[in-house]
Structures are given as structure tokens and as C-alpha cells.
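Note that the structure is predicted; figures quoted are calculated from it, not measured. Chain identifiers are assigned alphabetically (A, B, ...) following the order of the sequence lines, protein sequences preceding nucleic acid strands; residue numbering begins at 1 within each chain.
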2 protein chains.
Amino acid sequence: MKDQTQLRVVQAAGPIFADKGFDRATIREICTAAEANLASVNYHFGDKETLYLEAVRHAHALKMEQVPLSQWPSNTPPEEQLRFFIRAMLSRMLGTDELDWGTRLLMREMIEPTIACKSIVEDFIRPQLQLLLSILDEMVPQNISFHRKHQMAFSIVGQCLHYRVAREFVNLLIPEKERAEHFDRNHLVDHITEFSLAAIKNLPIPDSSEKKTS
Amino acid sequence: MKDQTQLRVVQAAGPIFADKGFDRATIREICTAAEANLASVNYHFGDKETLYLEAVRHAHALKMEQVPLSQWPSNTPPEEQLRFFIRAMLSRMLGTDELDWGTRLLMREMIEPTIACKSIVEDFIRPQLQLLLSILDEMVPQNISFHRKHQMAFSIVGQCLHYRVAREFVNLLIPEKERAEHFDRNHLVDHITEFSLAAIKNLPIPDSSEKKTS
DNA sequence: TGGCCTACCAAACAATTGTTTGATACTATT
DNA sequence: AATAGTATCAAACAATTGTTTGGTAGGCCA
């Protein structure tokens with residue numbers, strides 16, 4: 001049977017799309033990397049855009065199978081669950097540059113959404129959000145509203161996201177030495193966890209009354 | 001004197017680069033928008049890339065003059081200063097789509113830094129960070145360390161950044177109605193401010209001892 | 001006036017890139 | 001064995017795009 005060139009092409013396309021973007025990535029480069037003929041993209045996928053879509057879905061499927069959502073004992077206290085969650089999310093985002101092209105693809109979808117965006121959110125993002133919400137559920141009053149729980153969740157996610165999205169800015173803002181010493185993954189997990197826990201536990205709980213909006 | 005075509009080109013280039021990116025934006029489109037000849041880019045700027053740089057610098061200069069950093073009475077309590085700061089930052093990020101191309105350019109620089117990145121950080125980002133740090137200074141113990149203050153600042157910035165970077169994801173995750181009602185600018189300012197204040201005021205202050213890192 | 005420089009323009013150029021084509025080997029089916 | 005279908009390939013194609021060119025108009029100065 002043929003040498004699975006279709007598969008080789010998708011696999012080669014992922015990293016290339018990830019770090020050069022849709023436009024800068026050329027079919028020629030992808031096919032060369034996949035050791036496939038130039039025409040194989042149009043033969044197997046129709047055009048460049050559907051190859052991109054397929055590559056994103058492939059990356060997404062990979063992430064799903066290699067990063068299981070939750071895996072802690074069922075009796076883990078919610079505070080520790082949150083720490084685990086944050087650790088996992090930060091790990092995914094700050095992945096060493098070898099194999100984090102999946103995340104890079106995701107970032108691109110964020111600021112320049114394509115058709116792949118919707119399925120990514122439903123299959124990949126939403127389950128994570130649900131998990132985070134269920135952790136929060138054990139720490140906040142039962143009667144808290146939908147949107148407040150979501151706002152808290154986004155506050156936590158945002159803190160993690162920052163170190164990926166604004167990574168280059170952080171590098172320029174924080175001196176090398178300081179960064180190596182206090183902004184590595186472990187310290188960031190600790191900080192974000194404690195910052196968030198302190199916030200969650202001391203947040204005022206006015207749910208029905210409107211708040212001052214200056 | 002000539003019709004300032006050089007200026008017209010930079011001005012036209014900004015929005016186009018912002019929403020199509022460097023590659024998708026064509027010199028022809030820019031020149032058409034600027035009502036300038038196709039050759040003017042190469043005549044006035046040398047090549048496409050330096051035009052891009054000039055456009056970014058131009059956008060950046062505009063932002064600087066139209067969004068003054070702080071303007072609150074000197075006796076404003078730090079809690080309210082923080083609220084103002086967050087409001088200003090969110091406003092800049094969620095700007096109505098007409099004139100927020102400056103921010104869009106910034107986003108692109110974040111995830112795909114060019115040579116313009118460094119000067120943007122120094123002239124635009126760092127002053128904002130300094131201002132935020134000075135606000136925090138009035139709310140945290142004096143002896144708190146450099147990196148912990150910066151981590152707090154990043155936690156605040158990250159929460160705001162999230163709603164811009166992951167905007168499309170939020171739109172898909174939160175139903176339209178809910179979003180219009182509880183995720184508009186005013187409500188987000190309130191939430192982020194209170195979340196951050198609760199965190200800041202209740203954060204443990206272990207500065208010398210290492211923390212658990214699971 | 002006559003030269004000189006700058007700004008501008010229409011047209012052409014050269015390189016890249018996505019896509020198509022026609023042929024060839026190979027497999028499976030009848 | 002003959003046929004049909006699939007996968008692969010080298011080469012060509014067509015469109016786009018950044019860049020260059022040669023020329024024109026007009027201001028400025030000697």
C-alpha cells in the first residue's frame with residue numbers, strides 16, 4: 001500500500017503552518033518536508049486552505065490524546081485541583097518550543113479565527129472550561145450566578161494566557177536573571193494559584209444588586 | 001508643496017496591515033487607499049517592510065498622544081486608581097472596531113514580534129507597567145519583592161488581555177444574551193477590579209521562604 | 001533661461017506561489 | 001491477462017505581488 005503520503009503531508013504541515021502562518025507557509029516547503037510531490041496537496045486535499053483545516057484538526061486531536069484533562073484522586077481538595085489545573089494549562093502554553101506547535105496554531109486561531117475556530121472551541125476549549133467551572137463550584141457559594149463563575153474562570157485563564165501571548169513582551173520587561181529565577185513554570189503556577197485563591201475566597205458576593213460602574 | 005503622499009501612505013497602511021497582516025496586505029491595496037501611485041512605497045520607504053515599521057511607529061505615536069496614561073486627582077485612593085487603570089486598559093483593548101487598528105497591530109507584534117517590538121515595549125508598554133506598579137505600591141507591604149509586584153501586575157494585565165486575545169473564543173463560549181448583559185466593558189471593569197483587589201489584599205506575604213511547588 | 005533635483009506616474013519586470021496537466025507505475029478486480 | 005482506478009511525479013500554467021524603470025512635470029537656484 002502507498003506510503004501514506006496524505007498523512008505525512010498533514011503531519012509536516014502542522015509545524016510549518018504553526019510558525020510561519022498560513023501565508024508564509026508554502027505548499028512547496030510542506031511537500032518537501034513531507035517528502036511528497038508538489039501536487040499531492042491538491043490531489044489529496046483539494047487546496048491549501050483545506051489542508052490547513054485538516055492540519056489544525058490533526059494538531060487538535062493530538063493534543064486531546066496526549067493531555068488528558070483531569071487526573072487527580074477524587075478526594076483531592078479543590079484548592080489542589082485548581083493548582084493542578086493551572087499547572088496543566090501553563091504547561092500546555094509554555095511548552096518547550098519543540099512540540100508546542102499545536103499551541104501556536106491555537107494562538108493564531110485566536111487572533112485570526114478561521115473556520116477551524118468553532119470546532120476547536122467546542123471540542124477542546126469548552127471541556128477545559130467546564131472542568132475549571134466544576135472546580136470553582138466546590139469553592140464558591142452555591143447560589144452564585146452563571147456569569148460570575150465564568151468571569152472568575154476567565155480571570156484565571158487570562159493570567160495563564162498572558163505568559164504565552166505576551167511572552168516576548170515579558171522577556172523584554174523582565175531582566176534575564178530575574179526571569180530565570182522567579183518566572184519559571186513552577187513559580188508562575190504558585191503565584192497564579194495563590195493569587196486566584198485569594199481572590200476567589202475574598203470576593204464580595206453581591207449577585208443581585210448592580211455594582212458601581214464609575 | 002507636494003500633496004504629502006508619504007504621509008497618506010503611512011496612514012492608509014496602518015489599518016490595512018492591522019486587519020490583514022503583513023503578508024495579506026498588498027502594496028497595491030495600500031496605495032489605492034492612499035490615492036498614491038504604486039511606486040510611491042518603494043520610492044518613499046524603500047520596501048514593504050520599512051513601510052510596515054513606519055506604520056507601526058505611526059500607530060504607536062497616535063496611541064500615545066490620544067490616550068494619556070493617568071489622569072485622576074492626586075488624592076484618589078489607590079483602589080480607585082486601580083479601577084481607572086483597568087478601565088483605561090480595557091477600553092484600549094475593546095475599542096470599537098473603527099479605530100482600534102492600533103491595538104490590532106500591537107496584538108500581531110505580540111504573537112509574531114518584529115523589529116518594531118522592542119521600541120513598542122520601551123515607549124508604550126513599560127510606562128504603563130510602571131504606572132500600574134506605582135498603584136500597587138500603595139496597596140502592598142513596602143518590603144514586598146520586585147518579582148512579586150510584577151507577577152501581580154501581570155495577573156491584572158492578563159485578565160484584561162484575555163478579553164481581547166480570546167475574544168472570539170469568549171463569543172463562542174458565552175451565549176449572546178448573557179454576553180450583552182454581563183460581559184460588557186463596565187461589568188468587566190468591575191469584575192476584574194474586584195477580583196484583583198480581593199487577591200492583592202489577601203495574598204499571603206511569604207517573600208523569603210520558598211513555596212511549595214507540587 | 002537652463003540645469004538640477006524631487007515627487008510622481010504608467011508600464012514593465014522578475015520572482016514566487018497555488019494550481020493544473022498529462023503521463024507513468026502500481027494495485028485490485030473481472 | 002486485460003481493465004479500471006488510484007497514487008505519484010515532473011513539468012507547465014496562470015495569477016499575484018514586490019520591485020524597478022524610464023519618463024514627465026514642476027519647483028528652486030544660479
Side-chain angles (χ1 to χ4, degrees), chain A residues 1-59 101 104-105 108-109 112-117, chain B residues 1-59 101 104-105 108-109 112-117:
Chain A
M1 185 207 248
K2 56 267 154 164
D3 210 4
Q4 299 276 56
T5 79
Q6 174 160 2
L7 181 61
R8 289 204 321 276
V9 170
V10 203
Q11 287 171 335
I16 295 181
F17 276 133
D19 63 53
K20 320 192 62 160
F22 182 80
D23 297 282
R24 278 189 167 93
T26 76
I27 292 188
R28 279 172 175 81
E29 179 182 6
I30 291 172
C31 287
T32 303
E35 304 189 62
N37 184 272
L38 172 60
S40 25
V41 165
N42 287 272
Y43 178 76
H44 287 287
F45 301 93
D47 57 8
K48 187 184 180 182
E49 188 173 339
T50 43
L51 167 62
Y52 174 78
L53 249 68
E54 225 52 51
V56 172
R57 291 165 53 98
H58 182 74
W101 53 269
R104 264 176 294 160
L105 271 181
R108 292 190 183 278
E109 279 295 321
E112 210 161 3
T114 73
I115 331 169
C117 182
Chain B
M1 186 204 248
K2 54 273 158 156
D3 211 3
Q4 298 274 61
T5 79
Q6 174 159 2
L7 181 61
R8 288 204 322 276
V9 171
V10 203
Q11 286 172 336
I16 295 181
F17 275 133
D19 63 52
K20 319 191 64 157
F22 182 80
D23 298 281
R24 276 189 168 92
T26 75
I27 291 188
R28 278 172 177 82
E29 180 182 5
I30 292 172
C31 287
T32 304
E35 305 189 60
N37 184 271
L38 172 61
S40 24
V41 165
N42 286 275
Y43 178 75
H44 287 287
F45 301 93
D47 58 8
K48 188 183 179 182
E49 189 173 338
T50 43
L51 166 62
Y52 174 79
L53 249 68
E54 224 53 52
V56 171
R57 292 165 53 99
H58 183 74
W101 55 268
R104 264 178 292 159
L105 272 181
R108 291 190 183 281
E109 280 295 322
E112 210 160 3
T114 72
I115 331 168
C117 182

Least distance between heavy atoms, B:Ala55 atom then B:Val10 atom: CA-CG1, 3.7 Å

Could you check how far [atom1] of [X] sits from [atom2] of [N], rounded to whole Å?
X       : N      : atom1 : atom2 : answer
A:Ile27 : C:dT20 : CD1   : C1'   : 12 Å
B:Asn42 : C:dA14 : CG    : C1'   : 14 Å
B:Asp47 : D:dG18 : CG    : C1'   : 9 Å
B:Phe45 : C:dC8  : CZ    : C1'   : 14 Å
B:Lys48 : D:dT20 : NZ    : P     : 14 Å
A:Tyr43 : C:dT24 : OH    : C1'   : 13 Å
A:Leu38 : D:dA12 : CG    : C1'   : 11 Å
B:Arg24 : D:dT16 : CZ    : P     : 16 Å

Main-chain N/O of A:Ala18 paired with A:Arg108 side-chain donor or acceptor, under 3.5 Å: yes

Side-chain N or O of B:His44 closer than 4.0 Å to phosphate OP1/OP2 of C:dT6: no

Residue-phosphate contact under 4.0 Å: A:Thr5 side-chain N/O, D:dT8 OP1/OP2: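 So the side-chain polar atoms of A:Thr5 do come within 4.0 Å of the phosphate oxygens OP1 or OP2 of D:dT8, strictly under.
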
Touch class at under 4.0 angstrom, heavy-atom based, for A:Thr26 against every strand present: sugar-phosphate

Passing option when A:Ile27 is tested against A:Thr32, A:Asn42, A:Val9 for side-chain contact (heavy atoms from CB on, under 4.5 Å): A:Asn42

Whether B:Phe17 and B:Phe22 hold their rings parallel, tilted or perpendicular, with breakpoints at 30° and 60°: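 Parallel.
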
Residue mapping more 5' on DNA chain D - nearest nucleotide basis, A:Arg28 or A:Asn37: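 The 5'-side residue here is A:Asn37.
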
